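Data first, discussion second: the structure below is written as structure tokens.
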There are 2 protein chains.
Amino acid sequence: MRALDISEVVEQTGLRPSTLRYYEEIGLIKSIGRQGLRRQFAPQTLMQLSLITLGKSAGFSLDEIAGMFGEDGQPDLSREDLRTRADDLDKQIHDLTVLSKALRHVANCSAPSHIECPKFQKLLRVAKRPKKR
Amino acid sequence: MRALDISEVVEQTGLRPSTLRYYEEIGLIKSIGRQGLRRQFAPQTLMQLSLITLGKSAGFSLDEIAGMFGEDGQPDLSREDLRTRADDLDKQIHDLTVLSKALRHVANCSAPSHIECPKFQKLLRVAKRPKKR
DNA sequence: ACTTGACCTCAAGTTAACTTGAATTTGTAT
DNA sequence: ATACAAATTCAAGTTAACTTGAGGTCAAGT
């Protein structure tokens, strides 16, 4: 498999060149060498970027994400860690589900104001304290 | 119902005083008056803050959240909007679910490296492009 | 030979969401 | 009356995650 120009990576990931350079600068990804001035990326990097994007959408910081990769750029988490991450996600999923359902309910609810709707009340009880993360 | 001191709001929400002042500064919440120098908050504001916290955890920006309240501080979204928000959330929930399941699978997977695990491969296919939001 | 376009570097700028600190005021307790 | 803790304001600082811009390089096409 041949190395990829930055433009190809941009093409395939939808990220901007400046973002890729930034990611490299902070050590999140690595380029495999240069062709003249130009960075060359390993095809591997594409999957890494997929994971990074996914991780971000799950609310992880770049720093946290960086910690999930080993020196080789391959995901490197203990089974323990993986389960902890999954547990976190499940909690987040649960909260979002409550919110989504509440929104849908309110959309169909006939109570004169949202505040008076009991489901809405319940929603507020779920949202008690900010997370640790 | 009597008005609340900032310290009581802090107590009940877990937010910091500086955060509350900041929220007021950007018009996200309002204080109902002053006792000397001191802001007084309506009890109503507590529920508003619950919603703000919940909204944040769902990935909304303070700006977006501000747009969800009317002048009176009560939630103010058309049924249409509510459904759109719910749809967004459901999509996000779906992605997070995929991620969580994949993590759990990988935690139990016996493939020598995660990359070789087919479920993991599938996960990468899900994570294609960044969101518009 | 020359222009072009895609890349490069490096410093500085940007936005969101707060936090911090210094200087001041005020309500309550002694 | 005085001290003190708890507020206040306002400007400036902070962090994450990028973006922008100026100025430079290089391979390829005309």
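Here the structure is a predicted model, which means the values were calculated and not measured. To find a chain, count down the sequence lines: A is the first, B the second, and so on, and within it residues start at 1.
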By side chain to side chain contact (heavy atoms under 4.5 Å, CB included), which residues pair with [X], not counting sequence neighbours?
| X | value |
| --- | --- |
| B:Thr97 | A:Ile93, B:Ile93, B:Lys101 |
| A:Lys119 | A:His105, A:Cys117 |
| A:Leu37 | none |
| B:Phe69 | B:Gln48, B:Leu51, B:Ile52, B:Ile65, B:Pro75 |

Exercise. What nucleic acid atoms does B:Gly36 come within less than 4.0 Å of, heavy atoms only: base, sugar-phosphate, or nothing?
Worked result: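 Here B:Gly36 touches the backbone only, sparing every base.
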
Problem set entry | All pairs passing salt bridge (Lys or Arg N to Asp or Glu O under 4.0 Å) where residues 47-57 of chain A contributes a residue, at least two apart |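 Matches after skipping sequence neighbours: none remain.
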
Exercise. What pairs of residues pass the salt bridge (Lys or Arg N to Asp or Glu O under 4.0 Å) test when at least one of them lies in residues 27-48 of chain A, not counting sequence neighbours?
Worked result: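 Listed once each, the pairs are A:Glu24-A:Arg39.
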
How many Å lie between [atom1] on [X] and [atom2] on [N], as a whole number?
| X | N | atom1 | atom2 | result |
| --- | --- | --- | --- | --- |
| B:Glu24 | D:dA7 | CD | P | 15 Å |
| B:Arg38 | D:dC4 | CZ | P | 16 Å |
| A:Gln40 | D:dC26 | CD | C1' | 14 Å |

For this session: Do nucleotides 9-23 of chain C as a string where each nucleotide becomes B, S or -: B if the base has a protein heavy atom under 4.0 Å, S if just the sugar-phosphate does, - if no protein is that close.
Result: B-------BBBB---

Problem set entry | Neighbour count >12 (heavy atoms, 6.0 Å) for atom CD, A:Gln121 |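 Above 12, so yes.
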
What nitrogen or oxygen pairs link the protein and nucleotides 28-30 of chain D at under 3.5 Å?
none

Exercise. Pairs in or reaching into residues 65-78 of chain A: which pass side chain to side chain donor-acceptor pair (under 3.5 Å), with residues at least two apart or in two chains?
Worked result: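 Listed once each, the pairs would be none.
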
